[in-house]
Chemist: 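Input: one structure, supplied below.
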Protein chains: 2
Amino acid sequence: MNQPITAADKTFIALRDDIVEGRIEAGSKLSETELSTKYAVSRAVIREAINRLESCHIVERKANVGARVVALSPQGLIELYQVRESLEGMAARLAATNMTDDEIADLSALLQSHFNEVKGGESYYQEAGDVDFHYRIILGSKNKHLISMLFDGIYHLVRMYRVQLGMAGPRVTTAYDEHKHIVQAILNRDAELAEMLMRRHILYSKNSIERKLS
Amino acid sequence: MNQPITAADKTFIALRDDIVEGRIEAGSKLSETELSTKYAVSRAVIREAINRLESCHIVERKANVGARVVALSPQGLIELYQVRESLEGMAARLAATNMTDDEIADLSALLQSHFNEVKGGESYYQEAGDVDFHYRIILGSKNKHLISMLFDGIYHLVRMYRVQLGMAGPRVTTAYDEHKHIVQAILNRDAELAEMLMRRHILYSKNSIERKLS
DNA sequence: TAACTACATTTTGTCGACAATATGTGGCAC
DNA sequence: GTGCCACATATTGTCGACAAAATGTAGTTA
């Protein structure tokens with residue numbers, strides 16, 4: 001079922017996770033020889049991994065000089081959320097017309113399970129749940145480019161910021177209601193509203209984060 | 001001034017252009033050995049070039065099997081324009097607040113030169129002019145991710161479709177007015193309107209293309 | 001001391017060869 | 001003739017070595 005995974009794939013994922021989770025610090029230099037010993041692979045696969053990370057904007061590279069992990073800045077996070085607002089808004093719009101009834105039903109069920117968690121008391125709205133919710137809508141857009149840009153690129157960067165600026169599960173209480181309204185709009189096949197609500201939802205997230213940073 | 005360019009860079013660009021301009025046909029297989037003789041470089045640099053093309057979604061790759069140029073489909077073009085509408089809409093919004101007065105003045109001047117061309121008679125609104133207009137607004141957003149996604153990714157794909165489906169300079173007559181209104185909104189620093197107008201502008205383009213395809 | 005030059009060192013870029021995997025071909029059983 | 005298995009072939013994946021470029025260092029001069 002799973003397509004074969006090469007050493008370059010595994011190294012790419014391992015290196016990416018080490019960076020995103022902060023085990024390799026932001027702004028630090030990535031030495032090819034050093035990494036090749038660390039991950040026990042040849043420089044060729046390290047180079048391929050670094051190239052892919054560059055495509056994700058997780059590392060920056062200068063010819064004949066080398067690669068560095070990107071530096072995190074408040075401005076960078078804001079730019080990231082501007083892109084999210086744009087792309088995920090469109091994703092919600094498309095999801096409202098392209099998701100099947102079954103997929104929408106599943107989404108509603110997911111939302112219900114989140115409601116039970118929130119209602120249940122101390123268990124707050126987990127980040128994983130939030131991510132899962134957004135994933136389904138993005139997938140529901142059925143737009144290959146949208147899906148790839150968000151999953152392969154933006155989301156890892158967003159997580160990198162979250163982890164390294166120490167902000168887990170933001171805005172846990174109000175987000176549920178926003179999710180509910182988005183699902184309702186999709187259920188009504190109201191593309192316009194779904195986009196608007198999703199954009200607001202992400203805008204609020206951005207504002208909340210900006211507040212925490214200042 | 002210019003950063004050094006490696007053989008991999010040059011090969012990447014050459015290969016990309018050969019694909020985008022249709023000299024390598026859509027859907028065809030890319031043999032590493034074959035290309036390495038054709039471009040007179042080692043397989044390593046070919047592999048790097050192919051990897052980058054994969055990141056641009058210009059080629060698709062299966063592990064242990066190889067890479068193919070993506071196949072063009074009407075659906076694919078529509079998806080591309082959906083992403084463009086989303087991203088360039090946001091770019092216009094951001095440009096309305098982030099462009100300097102000087103940059104806006106330059107944009108107006110560019111528009112004026114287009115007007116002179118259009119007015120001049122037989123010389124229709126060139127594709128290059130259109131692209132230049134959009135470039136400036138995207139750059140004006142000052143958002144690194146937005147700029148990179150559009151310039152490094154989407155635009156080459158759009159051009160690939162245009163070239164290979166044989167549609168140069170679409171909607172040459174009406175596009176000028178739309179551009180004018182967008183610039184006016186940016187001049188007024190009306191972010192909301194700038195986004196809306198840009199989205200409409202791209203939506204019309206999409207509709208026009210869909211009409212030509214059917 | 002500051003700045004410039006020449007050299008040594010380190011790091012990245014490129015190459016050819018080998019290993020691992022997938023594809024194509026022929027033969028065999030039924 | 002059809003389906004399946006084994007083998008030959010071709011292609012991709014990985015590796016270590018060499019070439020080219022940038023950085024760091026020492027020495028010299030003003």
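The figures here come from the full heavy-atom set of this structure, side chains too, leaving out hydrogens, waters and symmetry mates. Lettering of chains follows the sequences in order, A, B, ..., and the numbering in each one begins at 1.
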Chemist: I need the CD-P distance between A/E48 and D/dC15, as an integer number of Å.
Modeler: 11 Å
Chemist: Nearest-Å distance, CZ (A/R43) to C1' (D/dA19)?
Modeler: 11 Å
Chemist: When you measure from the side chain of A/T6, which nucleotide among C/dT12, D/dG13, D/dT12 comes out closest?
Modeler: D/dG13
Chemist: When you look at B/R43 and B/T33, which way does the side-chain contact (heavy atoms from CB on, under 4.5 Å) test go after all the steps?
Modeler: CA-CA 6 Å; B/R43 267 186 60 219; B/T33 54; 3.8 Å; yes
Chemist: Describe the nucleic acid contact of A/A44 in one word from base, sugar-phosphate, nothing, applying a heavy-atom distance below 4.0 Å.
Modeler: base
Chemist: Looking only at the side chain of B/R47 (C-beta and beyond, no hydrogens), which of the listed nucleotides D/dT14, D/dA22, C/dC15 gets closest?
Modeler: D/dT14
Chemist: Do the side chains of B/Y81 and B/L203 get nearer than 4.5 Å, heavy atoms only?
Modeler: no
Chemist: Atom CD of B/E32 to atom P of D/dT12: distance rounded to whole Å?
Modeler: 5 Å
Chemist: OP1 or OP2 of C/dC15 sitting under 4.0 Å from any side-chain N/O of B/S42?
Modeler: yes
Chemist: Whole-Å distance between C/dA22 C1' and B/R61 CZ?
Modeler: 15 Å
Chemist: Relative to the 5' end of DNA chain C, which residue comes earlier, B/V45 or A/V65, by the nucleotide with the nearest heavy atom?
Modeler: A/V65
Chemist: Please check if the side chain of A/R68 supplies one atom and the backbone of A/S28 the other of a donor-acceptor pair under 3.5 Å.
Modeler: no
Chemist: Can you tell me if the side-chain N/O atoms of A/K29 get under 4.0 Å from OP1 or OP2 in C/dT12?
Modeler: yes
Chemist: Between A/H134 and A/Y155, what is the ring plane arrangement, given parallel below 30°, perpendicular above 60°, and tilted in between?
Modeler: tilted
Chemist: Rounded to whole Å, how long is the line connecting atom CZ of B/F12 with atom C1' of C/dT14?
Modeler: 19 Å
Chemist: Measure from CD1 on B/I46 to P on C/dT14 and round the result to the nearest Å.
Modeler: 11 Å
Chemist: Please say whether more than 12 non-hydrogen atoms of neighbouring residues, nucleotides or ligands are located less than 6.0 Å from NZ in B/K142.
Modeler: yes
Chemist: Is B/L30 touching bases, backbone alone, or none of the nucleic acid, heavy atoms closer than 4.0 Å?
Modeler: sugar-phosphate
Chemist: Please state how far atom CG in A/N51 lies from atom P in C/dT12, giving the value in whole angstrom units.
Modeler: 12 Å
Chemist: Roughly, in whole Å, what's the span from CG in B/N64 to P in C/dA19?
Modeler: 17 Å
Chemist: Both A/K62 and A/A40 contact DNA chain D. Taking the nearest nucleotide for each, which residue is further toward the 5' end?
Modeler: A/A40
